[in-house]
2 protein chains.
Amino acid sequence: MSRIPGRVPTQPPTLADVAELAGVSRQTVSNAVNNPDLLRADTLVRVQEAIEQLGYSPNRAARNLRTRASHLIGLRMNPGQEFTANAAMDRFVHSLVETSGEAGYHVLLFAGSGTDPLAGYDDLLRSTAVDAFVVTDTYLGNPQAAWLRERRAPFVAFGRPWDDAEATHPWVDVDGAAGTELAARHLLDKGHERIAWIGWRKDSWIGEDRRAGWSRALKARGLSTSGLASRVEDTIHSGREASAVLLDEAHPSAFVCASDTLAMGVLHTLADRGLRAGQDVAVIGFDDSQVAQVVRPGLTSVRQPLEDVASQIVNALEGLLAHPPRVGPGILLTPTLAVRGSS
Amino acid sequence: MSRIPGRVPTQPPTLADVAELAGVSRQTVSNAVNNPDLLRADTLVRVQEAIEQLGYSPNRAARNLRTRASHLIGLRMNPGQEFTANAAMDRFVHSLVETSGEAGYHVLLFAGSGTDPLAGYDDLLRSTAVDAFVVTDTYLGNPQAAWLRERRAPFVAFGRPWDDAEATHPWVDVDGAAGTELAARHLLDKGHERIAWIGWRKDSWIGEDRRAGWSRALKARGLSTSGLASRVEDTIHSGREASAVLLDEAHPSAFVCASDTLAMGVLHTLADRGLRAGQDVAVIGFDDSQVAQVVRPGLTSVRQPLEDVASQIVNALEGLLAHPPRVGPGILLTPTLAVRGSS
DNA sequence: CTGAAAGCGCTAACAC
DNA sequence: GTGTTAGCGCTTTCAG
């Protein structure tokens, strides 16, 4: 009488309730859920009907306690830069949630402190709240990697271990150089010969990597890059100024930029001077952000395959959490070019 | 000998380890963590030192099992519309993570199915994986609200119960009408008298709400709205077409739009015709998305106070989960206007 | 293939 | 104030 199907029970049903209804032991119900193969077919059906009837789902806390696993993946959200390269972050989180969901994992978000790159990780780890982490902010080295490895915390990094070639942790990254090389080639094929670069300051590994692709493409065609490159802050204003200077001094017919933000700055300069993007001067950005898609006349941009990144990360995570753990080599994915009016 | 401080233990320390080191019972350690007032000062210090020394954090699963609470808040991510009104979502999630973190909660992300508005909720609820939900997708009524309430699942909605004035669940929303009224007044104060509206199709409550603010502002100044409004799909293309038609037929000197997307369409039309946004025709969007900030000459836009929304939601959540539960009235917050070059 | 017993780490209730 | 007992709901032995 205590559990009337269709009515909302005060307490969710437990294994014992299902066992009683199905006329088997609790253990058998557990097996029906976790190792159905062990049951005889008719018993299995009877148990499954009881589960269905009661709307039973195993209590997460109890299961976690027993199995020492939470099926949760921790992901740190950095204090929101209002408009920066993290435009891609949103898309990545979406993909990660969907992919990890299919693998039986949920994503646990926690806040970072901005100053301390380790904040938040420690507590979740010690309280065994998550099974693993996905570490995304590896742009300036990654102290997290060393720290997490030291505590034997499973994690997969989105981003190469730039500062440590010996690092053995699993990672997935996008080949930025291949992306900018793709962009530069696209322009070369259109007949451009003076292609300028606007990137980030030299202390950014990602920035230098992206720059290398542009440089490689030009050199492969026997073209010089000298005087055609500029390194600035990642703001529209900087992109605008840098492109103005380059136009005056080096007369490029096209720009490849390390980000859509910088590319927007170039578009502003072109508009200032009555030049038409795509017609008079070509521009290519990086990240395929929303702005690239809506600005006139459409900004050609390098697009990171974030769905694939998420999928590979979840894959690596599953290996890491398997018994015994499987840890594969780092994975480098190739971006694509979203071609629009600006090129 | 089993736990050497400074070294990484194979197993995290437990209550028992701390109790042994401090020379007290397990219960006393538990009290030291949860009810420090109950301990004598010197005992408390001794226990805290032991906790510190071992790097102890209470095991989440065990605590959850015992207290029947997970300190997790479920948030559903809808399948990523590549570019839509969910531009604001990212900002909201950030705020929610930070605010709820301060209140001792973490955010659990799960994937929605796109077709079934209830997908994902059920399992998390039955397995008691989360303490409560934050429901965001209330744009077309909210079947979740009725469903969740029926199962006595605690939740707070971001969005009014448009379709059910009798609804008693806690909610927080932004007063869209106040936002568009602010926008229209801003234009009226600049001397505009023919202000057009481009909004969504009539079946959108949010859209009709935003439209009402524009209409109210015009009528308050004794101006007619007839022929000045258009209702279309939320795409750039639609905004472009609608504005072209309105310019031809109604000769407005300014536009207020239900979204930045539509406003971008207007900017395209102006560019097509050689009209300068802000100089010849004013344009105001809604959501203060990234594009509003980077497009030339800057798009004036209604900005939702998402930080405040998150804060109020967490506040409501804390009330809901208190013993006994406190449930307050719905909360309506007022947006602000981010003024840029387009107006 | 099924059942009985034990225990994961913690906290609520009660004794001392 | 502190210690003892019990049990949250589940899964992992190990018998039958």
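Hydrogens, waters and symmetry mates play no part in the numbers below; they use all other heavy atoms, side chains included. Chain identifiers are assigned alphabetically (A, B, ...) following the order of the sequence lines, protein sequences preceding nucleic acid strands; residue numbering begins at 1 within each chain.
Side-chain atoms of A/R60 and A/H106, non-hydrogen and from C-beta on, do get closer than 4.5 Å to each other. Residues B/S70 and B/T128 are not in side-chain contact: their nearest non-hydrogen atoms beyond the backbone lie 4.5 Å or more apart.
Remark: side-chain polar atoms of B/R26 are not paired, donor with acceptor, to backbone N or O of B/A16 under 3.5 angstrom.
If you check the side chains of B/Q27 and B/N31, you find a donor sitting under 3.5 Å from an acceptor.
Counting non-hydrogen atoms of neighbouring residues, nucleotides and ligands closer than 6.0 angstrom, the CD atom of A/E318 exceeds 12 such neighbours.
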(request) Any chance you could list the contact pattern along nucleotides 4-12 of chain C? Use B for base contacts, S for sugar-phosphate-only contacts and - for none, protein heavy atoms under 4.0 Å, 5' to 3'. (result) B-BBBBBBB
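Among B/W147, B/Y105, B/Y121, the single residue meeting the ring pair (Phe, Tyr, Trp, His ring centres under 6.0 Å) criterion with B/F133 is B/Y121.
Taking B/D173 as the reference, B/R160 meet the salt bridge (Lys or Arg N to Asp or Glu O under 4.0 Å) condition, with sequence neighbours excluded.
The footprint of chain B on DNA chain D, defined by a heavy-atom cutoff below 4.0 Å, extends from D/dG1 to D/dG9.
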